[in-house]
There are 2 protein chains.
Amino acid sequence: MEEKTEEKILDAAKKIFIEKGLDGARMQEIANEAGINKALLHYYYRSKNQLFEAVYEQVFKEVLPKMYGLFMQETSLLDIIPQFFELHMEFLKRNPSIPLFILMEIKKVPDFMKRMMDKNQIDMLAVVKAKVAAAVDAGLIRSIKGEDLIINMLSLSVFQFAAAPMYQAVAGITEEEYFEIIDERKKSLAEFVINAIKK
Amino acid sequence: MEEKTEEKILDAAKKIFIEKGLDGARMQEIANEAGINKALLHYYYRSKNQLFEAVYEQVFKEVLPKMYGLFMQETSLLDIIPQFFELHMEFLKRNPSIPLFILMEIKKVPDFMKRMMDKNQIDMLAVVKAKVAAAVDAGLIRSIKGEDLIINMLSLSVFQFAAAPMYQAVAGITEEEYFEIIDERKKSLAEFVINAIKK
DNA sequence: GTCTATAAGCAGATAGAC
DNA sequence: GTCTATCTGCTTATAGAC
């Protein structure tokens, strides 16, 4: 069965907004991508801003669990780390523009973040903190704050993609070659982090 | 003596473009910031795009040396690392919007990066690589590629600022409180990296 | 060099037929 | 629900006086 119009619009908008941001995106371009005309966009979502918010909320809800999800497991912290880089970076390979998109747009509307965190009631950060604190207490790892560790891991993973165009230019390689490097990086980043915290 | 008009324009444009990006910035806003009118902008820089390029090139040339500069020193690698985070993050405290600005706009025009690297002939990356390779050979640190180490350090430093609005929202703190955290982070990040690579 | 006034084009949004 | 045609306002850019 065919995709419904409303979904087609949302998918097209998602693609274009993620690529170009709110300001850079054009309603005409979204309409083309969706295979319809501009008027229909406004029929389903009154304004460009409303369409954007629908997209942003969806993307955000998809991404957030990927950031914290793994830490919810029973597994030991040191086992989670390689898994984190493997899964997180595979996701980013499929969606390389998402990090900059989220960071840029959140900068414009900081309140959005608060609203989202309120909705997903759960304080996931607390779980991460507890997990890390437990590992520290058990003498498994050096003393480090949970929030610091997760920020460090996110930094190392996300920046690799945010800075991809820069890296490719400096190193003079194609996107394809870059993706091969990423695969090696998954492992070396896991090692890097483990060495940094292991006693 | 007063600032010349051309400089006033460039400074104003720098401020606005860095805050809002190429698409988000308005010529009127830049004119206001500079204390002149729109027509004059076009007198000095024919188009918005040309003005933007002038700004971007300047910002880029200011920032690049800060990324690599430290590694050019004679000092040992392990001494450079704390200095790197100290200087780099102090710079970012004064210019918190620059990282996202550079990353966003480079994504739109990847060629720019190549052109810039060609102009500044020097292959600074080679120097970093050599420095790291020397430290590895001397048995000072674990085996790691120079380019990986510098990317990791940049990641940890830059992301802290790129993700600041997000962090502030999650943690429910003000920008001021956030900056205090940054000061602690300078030290803990240096430790993190040193632990990661030290034998 | 600097200004005011205005042109020209574009993008978001709506009216109205089907 | 979906389209074509059109309106409205904004933004870049230019013309032309001083």
Side-chain angles (χ1 to χ4, degrees), chain A residues 1-59 97 100-101 104-109 111-112, chain B residues 1-59 97 100-101 104-109 111-112:
Chain A
M1 155 122 186
E2 279 206 347
E3 208 181 11
K4 280 196 162 180
T5 304
E6 196 166 350
E7 284 177 43
K8 277 199 294 191
I9 291 177
L10 206 65
D11 286 346
K14 206 164 138 183
K15 182 178 169 194
I16 303 298
F17 277 134
I18 286 176
E19 259 173 43
K20 317 217 162 170
L22 173 57
D23 297 326
R26 294 287 159 257
M27 293 298 264
Q28 184 60 60
E29 207 181 348
I30 294 173
N32 293 344
E33 177 75 29
I36 53 162
N37 62 350
K38 281 191 296 180
L40 216 44
L41 296 180
H42 287 91
Y43 174 80
Y44 282 96
Y45 303 85
R46 285 195 68 74
S47 68
K48 185 185 181 183
N49 264 306
Q50 282 187 41
L51 176 54
F52 180 81
E53 284 191 21
V55 165
Y56 198 74
E57 185 163 341
Q58 212 201 50
V59 169
S97 297
L100 273 182
F101 169 72
M104 272 307 288
E105 303 302 339
I106 261 195
K107 198 189 144 203
K108 286 188 213 155
V109 195
D111 288 348
F112 178 86
Chain B
M1 155 127 185
E2 278 204 348
E3 208 180 11
K4 282 198 161 177
T5 305
E6 196 168 349
E7 282 176 44
K8 277 198 295 193
I9 292 176
L10 206 65
D11 286 347
K14 206 164 137 182
K15 183 178 168 192
I16 304 298
F17 277 134
I18 286 176
E19 258 173 42
K20 316 215 162 168
L22 172 58
D23 297 324
R26 293 287 160 259
M27 292 298 264
Q28 183 61 60
E29 207 180 349
I30 294 173
N32 292 345
E33 177 76 28
I36 53 161
N37 64 350
K38 280 189 295 178
L40 217 43
L41 297 180
H42 286 90
Y43 174 79
Y44 282 96
Y45 303 85
R46 285 195 66 75
S47 68
K48 185 184 181 184
N49 264 305
Q50 281 187 41
L51 176 55
F52 179 81
E53 284 190 21
V55 164
Y56 198 73
E57 185 164 341
Q58 211 200 49
V59 169
S97 297
L100 274 182
F101 169 72
M104 271 309 287
E105 305 302 338
I106 262 197
K107 199 188 143 205
K108 286 187 211 154
V109 195
D111 289 347
F112 178 86

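Values below: every heavy atom of this structure, side chains too, minus hydrogens, waters and symmetry copies. Naming: A, B, ... by sequence-line order, numbering from 1 per chain.
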Peer 1: Return the nearest nucleotide to the side chain of A:Met27; candidates are D:dT4, C:dT4, C:dA13.
Peer 2: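 The listed nucleotide nearest to A:Met27's side chain is C:dA13.
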
Peer 1: Keeping the roles fixed (side chain from A:Lys14, backbone from A:Gln58), state whether a donor-acceptor pair exists under 3.5 Å.
Peer 2: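 The answer is no, because no donor-acceptor pair under 3.5 Å joins these two groups.
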
Peer 1: Assess the residue pair B:Glu53 and B:Asn49 against the criterion (side chain to side chain donor-acceptor pair (under 3.5 Å)); give the C-alpha distance rounded to whole Å, side-chain angles, the decisive distance to 0.1 Å, and a yes or no.
Peer 2: CA-CA 6 Å; B:Glu53 284 190 21; B:Asn49 264 305; over 6 Å; no

Peer 1: Would the distance check show the side chain of B:Glu105 and the main-chain N or O of B:Gly21 forming a donor-acceptor pair, the cut-off being under 3.5 Å?
Peer 2: no

Peer 1: Roughly how many Å is it from CG in B:Leu41 to C1' in D:dT14, rounded to a whole number?
Peer 2: 13 Å

Peer 1: Taking atom P of D:dT12 as reference, at what distance in whole Å does atom NZ of B:Lys38 sit?
Peer 2: 7 Å

Peer 1: Just how far, in rounded Å, is C1' of C:dA15 from OH of A:Tyr43?
Peer 2: 15 Å

Peer 1: Within less than 4.0 Å of OP1 or OP2 of C:dC3, is there a side-chain N or O belonging to B:Asn37?
Peer 2: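 For C:dC3, OP1 or OP2 has a side-chain N or O of B:Asn37 closer than 4.0 Å.
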
Peer 1: Base, sugar-phosphate alone, or nothing: which one does A:Ile36 contact when heavy atoms must sit under 4.0 Å apart?
Peer 2: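 Sugar-phosphate, backbone atoms only, no base.
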
Peer 1: I want to verify a distance call: between C:dG12, D:dA13, D:dG1, whose nearest atom is closest to the A:Lys48 side chain?
Peer 2: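 Of C:dG12, D:dA13, D:dG1, C:dG12 is nearest to the side chain of A:Lys48.
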
Peer 1: Roughly how many Å is it from CG in A:Leu40 to C1' in C:dA17, rounded to a whole number?
Peer 2: 15 Å

Peer 1: On the nucleotide C:dT14, are OP1 or OP2 found under 4.0 Å from the side-chain N or O atoms that A:Arg46 carries?
Peer 2: yes

Peer 1: Taking any heavy-atom pair under 4.0 Å as a contact, classify A:Ala31: base, sugar-phosphate, or nothing.
Peer 2: nothing

Peer 1: Does the side chain of A:Thr5 get closer than 4.0 angstrom to OP1 or OP2 of D:dT2 through an N or O atom?
Peer 2: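 Yes.
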
Peer 1: Starting at atom CD of A:Gln50, determine the distance to atom P of C:dG12, rounded to an integer number of angstrom.
Peer 2: 15 Å

Peer 1: Passes salt bridge (Lys or Arg N to Asp or Glu O under 4.0 Å), B:Lys8 versus B:Glu33? Steps please.
Peer 2: CA-CA 9 Å; B:Lys8 277 198 295 193; B:Glu33 177 76 28; over 6 Å; no

Peer 1: Between D:dA13 atom P and B:His42 atom NE2, what is the distance in whole Å?
Peer 2: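 B:His42 atom NE2 is separated from D:dA13 atom P by 4 Å.
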
Peer 1: For this output row, return yes or no: ring centroids of B:Phe101 and B:Phe17 closer than 6.0 angstrom.
Peer 2: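 No: the rings miss the under 6.0 Å criterion.
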
Peer 1: Map A:Ala39 and A:Arg26 onto DNA chain C by nearest heavy atom, then report which one ends up closer to the 5' terminus.
Peer 2: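 Taking each residue's closest nucleotide, the earlier one in sequence belongs to A:Arg26.
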
Peer 1: Taking any heavy-atom pair under 4.0 Å as a contact, classify B:Tyr44: base, sugar-phosphate, or nothing.
Peer 2: sugar-phosphate

Peer 1: Distance check needed: C:dG12 P versus B:Asp23 CG, whole Å only.
Peer 2: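 Between P of C:dG12 and CG of B:Asp23: 11 Å.
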
Peer 1: A:Glu29 CD to C:dG12 P: how many Å, rounded?
Peer 2: 10 Å

